[in-house]
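Letters A, B, ... are given to chains in the order of the sequence lines, protein chains preceding strands, and every chain is numbered from 1. The structure presented is a predicted model; accordingly, all values stated were derived computationally and were not measured. Below, each value reflects all heavy atoms present in this structure, side chains not excepted, and no hydrogens, waters or symmetry copies.
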Amino acid sequence: MTPPNSPETPESAPRPSNFIREIIIDDVRTGKHNGRVITRFPPEPNGYLHIGHAKSICLNFGLAKEFGGATNLRFDDTNPEKEEQEYVDSIIANVQWLGFQWQDPIHYASDYFQQLYDWAIQLIRGGKAFVCDLNAEQMRQHRGTLTEPGTPSPFRDRSVEENLDLFARMKNGEFPDGARTLRAKIDMASPNLNMRDPVMYRILNAEHHRTGNTWCIYPMYDYAHGQSDSIEGITHSLCTLEFEDHRPLYDWFVQQLGIFAPRQIEFDRLNLTYTLLSKRKLLQLVQDGHVRGWDDPRMPTLAGIRRRGYTPEAMRNFCANIGISKTNGTIELGLLEHYVREDLNKRAPRYMAVLNPVKVVIENYPEGETEWLDAVNNPEDESAGTRKVPFSRVLYIEQDDFKEDPPRQFFRLSPGREVRLRWGFYITCQSVVKDDAGNIVELRCTYDPATRGGGAPDGRKVKATIHWVSAEQALDAEVRVYNTLFSKENPNEVEEGQDFLANINPNSLEVITGGKLEPALGTLKPFDGVQFERLGYFCVDPDSTPGKPVFNRTVALRDTWAKIEKRDKAK
RNA sequence: UGGGACGUCGUCUAACGGUAAGACUGCAGACUCUGGAUCUGCGUAUCGGGGUUCGAAUCCCUGCGUCCCAGCCA
C-alpha cells in the first residue's frame, strides 16, 4: 500500500501493528468470512465527535482499507431522548473531514427497529425473553450487587402467550413510560451483571429524530448493537474497553437468534493530558458557557480542532502512531502537537506578522519611499515560490525582539547591536525613545543598504534574524492565542467537593487585538493555515470579516529561547 | 470481600521462550537568513516474590497496584 499524500516517502517505516490487526491477519489467513473484513463506526448522535472518536475512526477505516474491506457508518440511534439530527449532520461532516469514505448507504440502528422487534418475538417464543412489570427501583433491588446474586423477577415465568400479548400491547402504546420492559431470560446469579436478565426494550413515548412516533418502545444498546452488526455483516466489531463485560451478552443474543456472528474486540480509549474526552463534560462546557461553542478552538472536538487549524493529515498520523492496546494510558498532548507541527511545517506557507508591535524608524531610509523585497514562501517546499514584501522607513517588530539590557544569551536587537530583518536588511539600533512613564515607544535604527535581501557583501555575520512588518502597508488583525483549556494534566484530579470545572485554565484564551500583518495575509480564506515566522502556525478564523482578519494560533513553534529564559528564571 | 481486564524508559508503543527496540519529551552538540526545520550524540524501563527452562518481559504460582461493571444511557 502506498500512502496517498507522501509519494516521496517509501514504505520504509512499516505501519505499526497492533493486536487487532494481528487478529484480522490471522482471520484472513485462515479464510474466516472468506477473508472479508467489514468494520463499522457506530456513534450515537448525541453530541459532537472528538479526538477519541478520531482514533476509532482511523482504526476502523484504516483496517478495513488495508485488507480490502469496507467500513459502515452507522448511527446508534436507539435513545431518542438524547439524539438530534444536528449531531448526525456534524458527525457526517467530521468523518469526511478526517478523510474517510464509508460504504454506502449510511446506516441507522433505527433502520432495524422492525427486524429487532421480530427477533424479540422469536426470543419470547423460544422462552428466552419475558415481559417484566418491575419498575426501575424494583429491578435494581432484584439485580443484586457486585458480590451478591440477584433474585428472579416475579414475572419471569409468564407464559409465552402472555408475554406475546403484553409485548404487543407495549408496542401498541397501551402502557405509560417505564411501566414494563422486555427482558432477556438468562441468569440472575451470573457474576456478570450484564447477564442478569438484562432489559431489551423499554417503553419511551418520545419522538425519534428519524422514525418520529412510529415506535414507543426502543431497544437497548445491548439488544440492538450486535444484531445491527450482524445484519450488516460486520466481521470485526471494534469498541472500547468498557464493553468487555458486554461481550458475553453480545454473543448470547447472536447465538440465540442463530444469525451471523460478528466478533467484538475491545481496545483502549484515548486519553490526552490537559484534555477531557467525555461527551457529557464537553456538553457542560458548552452549555455553561466556558467555551464559545462545540467548535471553540480550545475544544477537543473535531469541529474544534479543525477551527484551531489541526489538519486531517496530522490527526491521521497521530492516530496511526499512538498504537492500539488494552492498557489504560494517557497520551501527552505534546505528541499530538508534534504531529501537527510536522504536517504544517511541510505545507504551511510562511508570512510575517507582529503580534506585540513596537515601532522602528529607520533613520537613514528616505521618507515616503517603499520597496518590495522577495520572500521565500516555504523553505521546506521550493514549489511554494516567493512573494513580495514591502519595506519602508517605519516598521514594526516584536517587543520581545528588543531588550535594552540584553541578558547573556539574548541575540536579538539591543542598543548598538546589529540584526537582520528577515528577507530585508541588516539594521542597527541607535537609540531608544521613551515616554514620560519610561515605556519604550520607538526604536531609532539605521540600515545598511548593501545588505538588501539579507546578505552582507563583506561577509559579516549577525546572530539573529527577526521578523517585521512595514507600518504603512500593515493590516490590523485580531489574533487568538490558545493555551490548554485545563491547567492540570488530569482535569479530573480535583479536591474533595470540586469537579473538573475547578481546573479550567483562566488563561486558555488570550485575545490580541493590535496584531500587524504583512499585506499578503489579507488574501486568505477561513481555515487556511499559515506559519507566522518565528511565532507558530496560525489559521484564519471564520469570524474574520473583509476589513478585519481574525487568526487562531494552532500551535506555537518550538521555542529554544523561551526554554533558556525559563530555565534562567528558575535558577 | 464478585466478575472482567491491564501493569515494559517521564509518556505511548514494540519485542509472539533467544542481544529489551522505536516515537515523543529531556539534555548536549552540528548546521541554519525562522533560537524554526534538519542532522548527530546521550540518558532512563520489563510492578514485587517464587517457580519451569540452557535461556523468561514473554510460560506457571503468588502477592501488589490500576481501570471497568450494580441505567428502563451508549
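Here the separation of B:A37 from B:A28, taken at their P atoms, is 16 Å to the nearest Å. With P as the reference atom, B:G3 and B:C42 are 49 Å apart, rounded to whole Å. Nucleotides B:A23 and B:A14 have their C1' atoms positioned 11 Å apart, rounded to a whole Å. B:U53 and B:C69 are spaced 43 Å apart, taking the P atom of each and rounding to whole Å. The separation of B:C27 from B:C67, taken at their C1' atoms, amounts to 34 Å, rounded to a whole angstrom.
Taking 90° from 0 as the syn/anti boundary, the base of B:G71 is oriented syn.
Among the protein residues, A:Thr273 comes within range of no part of the nucleic acid, since none of its heavy atoms lies under 4.0 Å from any strand. Counting any heavy atom pair closer than 4.0 Å across all strands shown, A:Gly150 reaches no nucleic acid atom.
Ring geometry for A:Phe532 versus A:Phe538: interplanar angle under 30°, hence parallel rather than tilted (30 to 60°). Aromatic ring pairs are classed by plane angle as parallel below 30°, tilted from 30° to 60° and perpendicular above 60°; the pair A:Phe75 and A:Tyr108 is parallel.
No side-chain heavy atom of A:Pro80 sits under 4.5 Å from any side-chain heavy atom of A:His209. For the pair A:Ile20/A:Leu63, a side-chain contact is recorded, criterion being any heavy-atom separation below 4.5 Å from C-beta on. In this structure, the side chains of A:Thr211 and A:Tyr218 come closer than 4.5 Å at one or more pairs of heavy atoms.
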(request) List the protein contact pattern of nucleotides 34-43 of chain B with one symbol per nucleotide (5' to 3'): B for base contact, S for sugar-phosphate-only contact, - for none; contact means a heavy-atom distance under 4.0 Å. (result) BBBS------
(request) Could you encode protein contacts along nucleotides 67-74 of chain B as a string, one character per nucleotide from 5' to 3', using B for base contact, S for sugar-phosphate-only contact and - for no contact, with a heavy-atom cut-off of under 4.0 Å? (result) SBBBSBSB
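Among A:Arg420, A:Arg412, A:Arg534, A:Arg422, the single residue meeting the side chain to side chain donor-acceptor pair (under 3.5 Å) criterion with A:Thr465 is A:Arg420.
To the nearest 0.5 Å, the span separating SG on A:Cys319 from CG on A:Leu59 amounts to 9.0 Å.
Between A:Tyr117 and A:Trp215, the distance separating the two ring centers is shorter than 6.0 angstrom.
Going from atom CD of A:Glu332 over to atom P of B:U25 covers 9 Å, rounded to whole Å. Distance CD1 (A:Ile331) to P (B:U25): 14 Å, rounded to an integer number of Å.
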